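Values reported hereafter were calculated over all heavy atoms of this structure, with side chains retained and with hydrogens, waters and symmetry mates removed. Please read all numbers here as calculations on a predicted model, not as lab measurements. Chain A is the first sequence line, chain B the second, and so forth, proteins listed ahead of strands; every chain is numbered from 1.
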There are 2 protein chains.
Amino acid sequence: MEKENITIYDVAREAGVSMATVSRVVNGNSNVKQATKDKVLAVIDRLDYRPNAVARGLASKKTTTVGVIIPDVTDMFFSELARGVDDVASMYHYNIILANSDDSGTKELQVLENLLAKQVDGIIYMGNGLRDKLRDQFSHTNVPIVLAGGVDEKNQIPTVNIDYAAATKDAVTKLINNGHKQIAFISGSLQQAINQNYRLQGYKAALEEAGIAFDEALVFETQYTYNAGFELANELYGTDATAAFVGADELAAGILNGLTDRGVDVPNDFEIITSINTKLTQITRPQLTSISIPMYDMGAVAMRMLTKLMGKENIENGRLSLPYGIISRQTTR
Amino acid sequence: MEKENITIYDVAREAGVSMATVSRVVNGNSNVKQATKDKVLAVIDRLDYRPNAVARGLASKKTTTVGVIIPDVTDMFFSELARGVDDVASMYHYNIILANSDDSGTKELQVLENLLAKQVDGIIYMGNGLRDKLRDQFSHTNVPIVLAGGVDEKNQIPTVNIDYAAATKDAVTKLINNGHKQIAFISGSLQQAINQNYRLQGYKAALEEAGIAFDEALVFETQYTYNAGFELANELYGTDATAAFVGADELAAGILNGLTDRGVDVPNDFEIITSINTKLTQITRPQLTSISIPMYDMGAVAMRMLTKLMGKENIENGRLSLPYGIISRQTTR
DNA sequence: CTGTTAGCGCCTTCAA
DNA sequence: TTGAAGGCGCTAACAG
């Protein structure tokens, strides 16, 4: 019902040349006479020959495939990163194997194992931290790896992100400048390096600079979900906080709506700054003021860096901090 | 700086058996004495041997990899589908190669070509229609393909989705039952089969059943973006429509906010039903009434169906219509 | 239960 | 500029 898989050998025979020659024209090798090249190309076209990437991968030890470890594709932050990665990857003729890890230590390890077994030429890692075991595995392989959007406290792995600590500090400072002294810090798990070692540090730095004492009671650790935020609004209502820095948009939306439902007037009674600037920020009413993170660009730049690493090019700088901003909308005065 | 790649041959030598035996234990083949199996396993562990999936793929003609053609990972509808696909895929030990197509005919064709070159064992196709050229290519390959979340007007390809026409009809009927006679139909491009041949048909069917004349002026074709919706609110304001069926959530959110900003009271002056039930529907104020689509499940079921096809199992039914619902929230009375 | 022997389809020296 | 030949690492008969 279908023609058998046609191979480089078939093309060689039909074209009256050796398979080596076919291989050369397929790979754009220079040393082929134009005439024979045309002849081969014609046969390739006629036979509808399609090189087998698996065989090619085995022989050349290059698969033109990169692995992407992502906590969850349905998370807008990560899906934007992934899009940037894929666009640049396809630009350089790479495909990506996408694997969800749920940010789970064991799954990550397992996914990495799969990826390496599949002989990916490189890996883009996304996550909210970098566990020691994984870091360990990373150092045991010579497949190049780049962190996209995440943080590496130990500065060992090529990384593309923004300065989360500085961004957080800026956001909190903005709140302070608006007259607030009781500012809540709301994020996901403080087990995650990005929250514990960067965002929280930026928050503290802002307070310190303003001479405001750090108050443990204003630090809230929760899930990155709308409902978690909606419920947290209750708790918040019981504190003397008058503003909040929030680590994720969906969470912020929940807090905003929860507060509003309780009759709190945002931004007049309470101000909020969130951290990602996903589409959500424009959809809520009032619209969310937010740190703006160039997610797509981080993904794209990380992938670009990876192509260099895979090509054994020298990386001038393996730790790129992209510019961020703060977009004022309606949850701040 | 790193130990050379260790192969099945190294393991065989160290364990004092043939590579065939090692292959057997690695592949869980039954015919191996427990003693030698243990011995081999020990060596594998000691040497930290990891089977090369590329070589395995070449020899066995199976890559345990499936290709996923997706319009855009950052679209919540598709990313949920993709998550369902990946979860089931990994459950069956498959990896997925994710490729964005932007729903573009040429990109799709090109992506398909790549996927086939990489010898994927199967393909999950996502899109808002199925162009003839692509359908053509699909029929020229014997790699199994399943459509996830999309529609195939010609009923040729295994598909998992919901009955979009019926769902739309239900939604519009709900609006009619609430007393509306001028109901706008707002969707993305009518070039797309899903809109032209299913949603619009469902809309017309509802009108007809209620004896309401179809009015071309109430059909709006636009982009699936928040801003498109926000601007469309203007146009809508100029018509005599008192309710709207909207084909996507982000678009609906734009319309809702645009209308609200113009002083229209939703749902009292205007009712809206949207189509996907993404998280957005709970975040807008008022919250959006919506058709609920089991996106994750569609992806999961599609992938499950694909595993059967790849395993040459018989598919009892290649066209699965999953149940949907309508969730009443605050944009309808 | 285990070993031998061919390939799988292509790349890549090495010669010619 | 082109061809011959030897792998890449593993699976899959086929023997024994």
Which one of Asn52(B), Thr64(B), Thr63(B) satisfies the side chain to side chain donor-acceptor pair (under 3.5 Å) criterion with Lys118(A)?
-> Thr64(B)
Does Gly57(B) or Ser60(A) map to a spot on DNA chain D nearer the 5' end, using the closest nucleotide for each?
->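 The 5'-side residue here is Ser60(A).
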Does [X] have a side-chain nitrogen or oxygen under 4.0 Å from the phosphate oxygens OP1 or OP2 of [N]?
| X | N | value |
| --- | --- | --- |
| Tyr49(A) | dC10(C) | yes |
| Asn31(A) | dT2(D) | no |
| Ser18(B) | dT2(C) | no |
| Lys61(B) | dG7(C) | no |
| Arg56(A) | dG9(C) | no |
| Asn52(A) | dC10(C) | no |
| Thr36(A) | dT2(D) | yes |

Does Asp72(A) have any salt bridge (Lys or Arg N to Asp or Glu O under 4.0 Å) partners at least two apart in sequence or in another chain, and if so, which?
->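 Salt bridge (Lys or Arg N to Asp or Glu O under 4.0 Å) list for Asp72(A), sorted by chain: Arg83(B).
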Got a sec: does the CD of Gln191(A) have more than 12 other heavy atoms crowding it under 6.0 Å?
-> no
Closest to the Pro51(B) side chain, choosing from dC1(C), dC10(D), dA12(D) | dC10(D)
Starting at atom [atom1] of [X], determine the distance to atom [atom2] of [N], rounded to an integer number of angstrom.
| X | N | atom1 | atom2 | answer |
| --- | --- | --- | --- | --- |
| Leu58(A) | dC10(C) | CG | P | 12 Å |
| Lys118(B) | dC10(C) | NZ | C1' | 15 Å |
| Ile8(B) | dG3(C) | CD1 | P | 12 Å |
| Asp10(A) | dC10(C) | CG | P | 9 Å |
| Asn5(B) | dC8(D) | CG | P | 11 Å |
| Lys37(A) | dT2(D) | NZ | C1' | 15 Å |
| Met19(B) | dT2(C) | CE | P | 16 Å |
| Asn27(B) | dA13(D) | CG | P | 13 Å |

Taking N and O atoms by type only, does the side chain of Arg24(A) place a donor or acceptor under 3.5 Å from a partner on the base of dG3(D)?
->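 Donor-acceptor pair under 3.5 Å: yes.
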Does any pair with a residue in residues 73-129 of chain B pass ring-ring contact (aromatic ring centres under 6.0 Å, His included), and if so which ones, sequence neighbours excluded?
-> Tyr125(B)-Phe138(B)
Base, sugar-phosphate, or nothing: which does Val17(A) touch, judged by heavy atoms less than 4.0 Å apart?
-> sugar-phosphate
Worked check of side chain to side chain donor-acceptor pair (under 3.5 Å) between Asp87(B) and Tyr296(B) | CA-CA 9 Å; Asp87(B) 281 0; Tyr296(B) 180 91; 2.5 Å; yes
Closest-nucleotide 5' rank along DNA chain C - winner of Ala59(B) and Thr21(B) |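 Checking each residue's closest nucleotide, the 5'-ward one belongs to Thr21(B).
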